[in-house]
Every structure is written in structure tokens, then in C-alpha cells.
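These notes are about the structure you will find just below.
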2 protein chains.
Amino acid sequence: MGATVTSRALDILGAFDGEHRSLSLTDLARRAGLPLATAHRLVGELHRWGALAREPTGEYVIGRRIWQLGLLAPVQSGLRQAASPFLHDLYGTTLATVHLAVRDGLEVLYVERLAGHVSVPVVSRVGSRLPMHATGVGKVLLAYAPEEVRLEVLANLTRVTAYTVTQPARLLEQLRRVRAEGYATTGEEMSLGACSVAVPVRNGDVVVAALGMVVPDLRRQLPRLVSALQVAAHGISRTLAGTSVQWK
Amino acid sequence: MGATVTSRALDILGAFDGEHRSLSLTDLARRAGLPLATAHRLVGELHRWGALAREPTGEYVIGRRIWQLGLLAPVQSGLRQAASPFLHDLYGTTLATVHLAVRDGLEVLYVERLAGHVSVPVVSRVGSRLPMHATGVGKVLLAYAPEEVRLEVLANLTRVTAYTVTQPARLLEQLRRVRAEGYATTGEEMSLGACSVAVPVRNGDVVVAALGMVVPDLRRQLPRLVSALQVAAHGISRTLAGTSVQWK
DNA sequence: AAAGTTCTTCCACTGAACGGAAGGGGTGGG
DNA sequence: CCCACCCCTTCCGTTCAGTGGAAGAACTTT
């Protein structure tokens with residue numbers, strides 16, 4: 001358990017999340033489960049280094065140095081940069097909300113997002129996580145994930161909306177089709193009024209990310225969207241293969 | 001001196017930079033100035049938490065969790081998001097490389113950048129730092145910086161190109177004009193063949209960032225560029241004032 | 001003015017961090 | 001094949017940095 005100094009410092013950083021972007025010392029101590037005096041010292045060190053910054057209000061926020069470090073992460077520097085122009089093109093031609101996501105453990109992690117102005121209800125945010133079985137990008141990533149991951153996810157299909165697929169057998173069948181046809185779809189399985197299509201992005205033979213799109217309705221334009229997605233995905237793959245940079 | 005556990009762990013993270021995005025354990029130990037065994041333990045903890053990830057090669061890279069934390073930083077979540085649409089507009093109408101930067105200590109920190117396809121030699125990258133006296137955004141930020149910062153910067157005007165302003169008196173005069181006229185310019189002071197214009201971005205009365213543009217030549221279109229920049233800057237200010245979110 | 005807050009400082013005790021040393025594992029070259 | 005080299009991992013007795021209760025400062029609220 002978290003008894004080492006380092007893990008405690010990290011727990012303090014971990015106290016921040018999307019809903020808690022600025023926290024007082026006392027909050028930090030509480031959320032990290034540390035005595036106030038201990039938190040005070042650790043926070044002081046983090047602040048001195050630049051991992052935390054202080055707002056005019058006296059509350060702490062994540063510092064610029066962490067932000068800069070984050071820019072060096074492989075998701076950011078490799079995948080994201082390779083994908084960026086293609087995402088813009090995609091958005092330009094379809095005007096739908098466009099997503100790039102990777103698998104992180106048993107969840108989908110959104111790496112990039114271009115949102116349309118008049119958009120369908122979209123839950124994701126860059127940096128946020130969603131369950132794999134209820135999203136288009138999630139199904140793609142799950143279809144190509146290692147067996148063990150698939151089993152663990154299948155064992156725990158939580159319901160999100162009335163349309164969420166919660167029967168393992170049905171999802172397995174869908175995943176088979178994803179592999180066969182090269183794309184995945186969802187229909188209001190994550191949020192009502194939102195459908196999605198997604199395709200895999202490869203680096204060599206390995207599926208490293210998924211590229212997806214959220215629209216109010218799929219029926220009419222599915223083939224067109226799938227091919228637009230596939231064009232973009234191929235473009236990204238080619239860029240990735242070109243840059244011999246590390247990225248994962 | 002770096003003697004506390006926390007600072008050592010942070011030094012390990014600090015070993016990464018733009019040129020060193022993936023490092024072996026031994027490299028990390030060397031760069032952080034730590035005994036191998038110590039580095040090994042700390043790296044293990046950072047890895048377990050998700051601050052570091054491991055490439056297939058065995059080298060370490062910045063992990064996704066740090067990347068996610070970085071997205072929570074005020075630069076990112078407040079300023080950057082508020083500015084994003086305006087930067088796109090600016091880029092759309094001028095097709096020049098567009099920059100958003102803040103002051104970090106005695107340097108300029110680039111927060112966002114939209115690069116043109118056929119672009120002039122531009123040195124900056126998102127997350128990188130440049131000297132204040134040789135860049136357009138830097139001069140803006142310096143013009144509105146606290147007296148003490150200005151003095152320290154003026155005392156150390158390093159030459160970058162033949163055109164870099166290195167005389168304190170001359171720079172001071174330029175800064176006065178920046179405040180009077182509301183924009184700053186440079187002419188090949190950072191890299192040959194590149195000129196720039198920049199304007200301040202305010203939140204309330206406080207100058208919190210600078211918005212700049214890099215072009216091959218200024219003479220002809222200066223007024224047009226300045227007004228485009230100012231429109232965008234005002235838009236950003238209004239957005240910032242609107243969101244009562246913290247940001248700095 | 002009293003009773004809350006939250007933040008900061010202090011310091012004696014103690015157990016977590018330290019790091020030298022030894023042991024695996026891979027690679028290369030003689 | 002064996003030895004030299006490099007990088008990584010584990011071990012363990014010593015010691016020094018981290019700990020956290022407590023006291024008090026600085027503010028706010030009642």
C-alpha cells in the first residue's frame with residue numbers, strides 16, 4: 001500500500017481530476033489520505049519543482065512543468081501529431097465529431113477530439129476514459145485486443161443506456177464482424193441520440209488506436225463515413241510508419 | 001540540493017526533454033545524478049503509478065497518466081481551449097504560422113501553435129521556451145511584465161542572430177512603443193528570414209498571454225495583420241472573462 | 001469576541017529510503 | 001565456447017530523511 005514517499009507525492013498529483021482541477025491544501029490532504037503536515041511538505045516540494053502551481057486564490061493546480069512533460073508522452077508526440085492533419089481533413093469533409101482513442105487497460109482513452117459546432121450529445125473529452133463495450137472506438141480496440149483483455153471486459157458489461165450491449169455472446173459476435181468488415185458501429189449505446197462508427201489505425205500489423213466519429217444517425221451515410229474513416233486511418237498509418245520515432 | 005525523495009523522483013521525470021523522449025534506466029540514473037539502485041527503485045514506483053511507461057525496447061517514456069494530468073493544467077484547460085477557435089480563424093484568414101505564448105519566469109513558453117504548410121523558418125514548438133527579447137510574443141509579455149522581470153531580462157540580452165536587439169536602451173524603447181501602440185514586431189531577430197507581429201491577450205486588465213504570428217515579410221501587410229491579431233485577442237479575452245474557470 | 005476555518009512551523013522518534021555489492025541475462029568478439 | 005562488457009534486478013544492514021502530533025498564526029464566519 002501507499003507508504004513510500006514517492007507514492008504519496010504521486011497520490012497528491014492523483015488527487016486532481018476533471019472535476020477537481022484546483023484544490024486547497026486541506027482538500028489535497030484529504031483526497032490523498034495524508035496527514036495535513038505531511039501533505040504540506042510534499043505539496044511544497046511539488047510546488048517548488050513546478051509540478052504544482054498556485055492560483056491567486058491560494059488553491060493548487062497542476063503546474064506547467066507537468067504539462068510540458070505530458071507533451072513528451074508518446075501518445076502526444078507520436079500518434080497525436082501524426083493524426084492531427086487527417087483528423088482535420090475528416091472533420092472538414094464530414095463535419096461530424098471526430099475521435100482518436102487508444103486502449104488503456106480495460107478502458108478507452110481519448111487522445112484527440114474535434115467537436116462539431118452543432119453536435120450530438122458526446123460524452124468524451126480528451127484525456128477521459130470510457131468503457132470499451134459501449135463505444136465505437138472501444139469495440140474496435142477490443143476486437144484487436146489480447147484475448148485476456150477481451151475476457152475481462154466481457155465479464156463485466158455494465159449497462160449505460162437501454163441499448164448498451166450487455167450480453168457477452170452478442171458482443172463477441174459483433175467483435176467478430178468488426179474484424180471481418182474492418183469497422184465497428186454503435187447505436188445509442190453510450191448516450192441516447194448518438195451513433196458512432198470507428199475503424200482501426202495500424203502501425204505495421206499492430207492496431208494501435210481507433211479512429212471514430214459520432215453522428216446523430218448512421219443508416220443513410222454509413223458507407224461514405226466508413227470509407228472516409230478508412231482513408232484517414234491509412235494516412236495516419238503511413239505517417240506512423242514513416243516516422244521511425246517511438247510512439248506506441 | 002536534491003536530497004529529498006520527492007525531489008529525486010521529480011529529477012527522474014525532469015531527465016526527459018524534447019531531445020530525450022525515451023531513456024534507459026542507466027541513462028535516467030546518470031541524468032538525474034542518482035545511484036543505479038536508487039534510480040531503479042524510484043523508476044519502479046513511477047512506472048507502477050503510470051507516470052512512466054515502458055517501450056517494447058525496455059526504455060522508459062513519459063506515461064499516459066502524466067499526459068492526462070497535463071491536460072488539467074490551467075494553461076491547457078483554460079487559456080488554450082478559449083483560444084483554440086480564434087487561432088483557427090486567424091490561421092484561416094492569414095495562412096501564417098500562429099502562436100499563443102505565456103511568460104514562464106524569464107522566458108516565453110509556447111502554449112499553442114498552428115503552422116502553415118509553406119512556412120518560414122520557425123523555431124518554436126508547443127511546450128518549448130525561447131528568450132523573450134528576440135521574439136514578438138516575448139516582447140509583448142516583457143512589456144507588461146513586472147519591473148523586476150524586465151530588469152533581469154534586460155541585464156542578459158544574448159545575441160541570437162545579427163539582428164537581435166542586445167542593447168538594453170533600445171529594447172526598453174521598443175517596449176515603451178509596444179505599450180503605446182498595442183503590438184510588437186521583430187525582424188529576423190530570432191531566425192533569419194522570419195519576422196513576427198504579436199499582441200497582448202488580456203483577462204480583465206491583466207496581460208496573461210501573447211498572440212503572435214510569423215511571416216517572411218512584414219512591411220506590406222502590417223496593419224492588416226495587427227488588426228486580425230487584435231480581433232482574435234479580443235475574442236479570447238471575452239471567452240476568458242466569460243468562463244469563470246480558473247486558468248492563469 | 002468566540003469558534004470555526006485553513007495554513008504553517010517545530011522537533012524528537014523511527015522505519016523507510018539508501019546504495020554498495022553481488023547476482024542474472026543478453027550481446028559481441030576473440 | 002568462453003570471457004568481457006553492459007544493463008538490469010535484488011538483497012540487506014545502516015542511518016538519516018520523512019513523519020505527524022501539536023501548537024500557533026492568519027483569516028472567516030457566527
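It should be emphasised that the depicted structure is a prediction, and the values quoted were computed from it without experimental measurement.
Relative orientation of the B/His88 and A/His88 rings is tilted, given thresholds of 30° and 60° on the angle between their planes.
Checking C/dG19, C/dT6, D/dG20 against every side-chain atom of A/Arg41, the shortest atom distance belongs to D/dG20. Side chain of B/Ala37, nearest nucleotide from C/dT8, C/dG20, C/dT6: C/dG20.
B/Arg31 places its CZ atom 15 Å from the P atom of D/dC7, with the value rounded to the nearest Å. Rounded to whole Å, the distance from CG on A/Leu42 to C1' on C/dT9 is 16 Å. When the P atom of C/dT6 is taken as reference, atom CG of A/Leu36 falls 9 Å away, rounded to whole Å. If you take CG of B/Leu52 and P of D/dC8, they are 13 Å apart, rounded to a whole angstrom. Atom NE2 in B/His47 sits roughly 15 Å away from atom C1' in D/dT9 (whole-Å rounding). Atom-to-atom, CG of B/Leu28 to C1' of D/dC7 comes out at 13 Å; the value is rounded to the nearest Å. Atom P of nucleotide C/dC7 and atom CG of A/Leu34 are separated by 14 Å, given to the nearest angstrom. Computed from coordinates, the A/Arg48 CZ to C/dT8 P distance equals 12 Å when rounded to whole Å.
Distance alone, capped at 3.5 Å, is enough to place a donor-acceptor pair between the A/Arg113 side chain and the A/Ser124 backbone. A donor-acceptor pair under 3.5 Å links the side-chain atoms of B/Arg31 to the main chain of B/Ala15, judged by distance alone.
Between B/His40 and D/dC8, a side-chain N or O to OP1/OP2 separation shorter than 4.0 Å is absent. Dashed line: the shortest gap from a side-chain N or O of B/Thr4 to OP1 or OP2 of D/dA17 is not under 4.0 Å. Here A/Arg8 reaches the OP1 or OP2 of D/dG20: one of its side-chain N or O atoms lies under 4.0 Å away.
Using a 4.0 Å cut-off between charged nitrogen and carboxylate oxygen, A/Arg8 and A/Asp11 do not count as a salt-bridge pair. Ion pairing between A/Glu45 and A/Arg48 fails under the 4.0 Å rule for side-chain N and carboxylate O.
Among the atoms of the strands shown, only primed sugar atoms or phosphate atoms (P, OP1, OP2) are found under 4.0 Å from some heavy atom of A/Ser24.
Two residues, B/Pro35 and A/Leu25, neighbour DNA chain C, and the one matched to the more 5' nucleotide by heavy-atom proximity is A/Leu25. Map A/Val5 and A/Gly58 each onto its nearest nucleotide of DNA chain C; the residue landing nearer the 5' end is A/Gly58.
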